[in-house]
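Please read the structure below before turning to the comments.
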Amino acid sequence: MTSTAKPRTGLPVWRVGKPDAFLAAAVDVARNAVETIAKPAEIGPHIAARSEGERVVTHLFESRLAGYGGWQWYAVVTRNSRSKVVTVSELGLLPSEDSILAPEWVPWAKRVRPEDEATEAEELADEAGVPVDADDDGGPSDEDVATSGDEQENDDADDIEAD
């Protein structure tokens, strides 16, 4: 009985096959190309050269970019038939199996928690003008004191102008 692994969302499905030997050896060309979009210190060691098809190879480098742990820089290189000239087709940054990916999507109805519903009740009360304080001790809040003080100062200013 054989089991087929389900591919993870967000990860590329690599073609199998032996990579072109000339392109697989072009690690320096691939690294120099990645250095055009990243600082040399952000590019780690070469991880692999994988075949994408006939005369197309993807070189993977470890990412040392802050906030992108487990990600990999990639450079896709190719060449014409019987040519020794390596051409860089594409560059970028990809997540790997070790990187942090977003969790699988969960429908909204299954994501609602009891505390989320309490938040909705507080928002409705705020819209209606009814104050809802979780730490209400019965006395005026700092905002109430500050607001009433401002109104008192404005009333005094009106009295002075009226005189």
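At distances below 3.5 Å, not a single donor-acceptor pair connects side-chain atoms of Ser99 with backbone N or O atoms of Trp71.
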Evaluate side-chain contact (heavy atoms from CB on, under 4.5 Å) for Leu65 paired with Trp73, printing each intermediate quantity in order.
-> CA-CA 10 Å; Leu65 187 61; Trp73 293 105; 4.0 Å; yes

Enumerate donor-acceptor pairs with a distance under 3.5 Å from any side-chain N or O in residues 32-43 to protein atoms, sequence neighbours excluded.
unit_1	atom_1	unit_2	atom_2	d
Asn32	ND2	Asp28	O	3.2
Thr36	OG1	Ala33	O	2.4
Glu42	OE1	Lys39	N	3.1

Quiz: residues 83-90 side-chain donor-acceptor pairs under 3.5 angstrom, not counting sequence neighbours:
unit_1	atom_1	unit_2	atom_2	d
Ser83	OG	Val85	N	3.1
Glu90	OE2	Tyr74	OH	2.9

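For residues 62-74, the set of pairs meeting the salt bridge (charged side-chain N to carboxylate O under 4.0 Å, His left out) definition, not counting sequence neighbours, comprises Glu62-Arg64.
What you find for Val76 and Thr58 is that their closest heavy atoms are CG2-OG1, 3.5 Å.
Interatomic distance, NE2 of His59 versus CD1 of Ile47, reported as 12.5 Å (0.5 Å rounding).
A perpendicular orientation is assigned to the rings of His46 and Phe61, their planes being inclined by more than 60° (bins at 30° and 60°).
Side-chain contact annotation: Ser63 with Gln72, donor-acceptor N/O pair under 3.5 Å absent.
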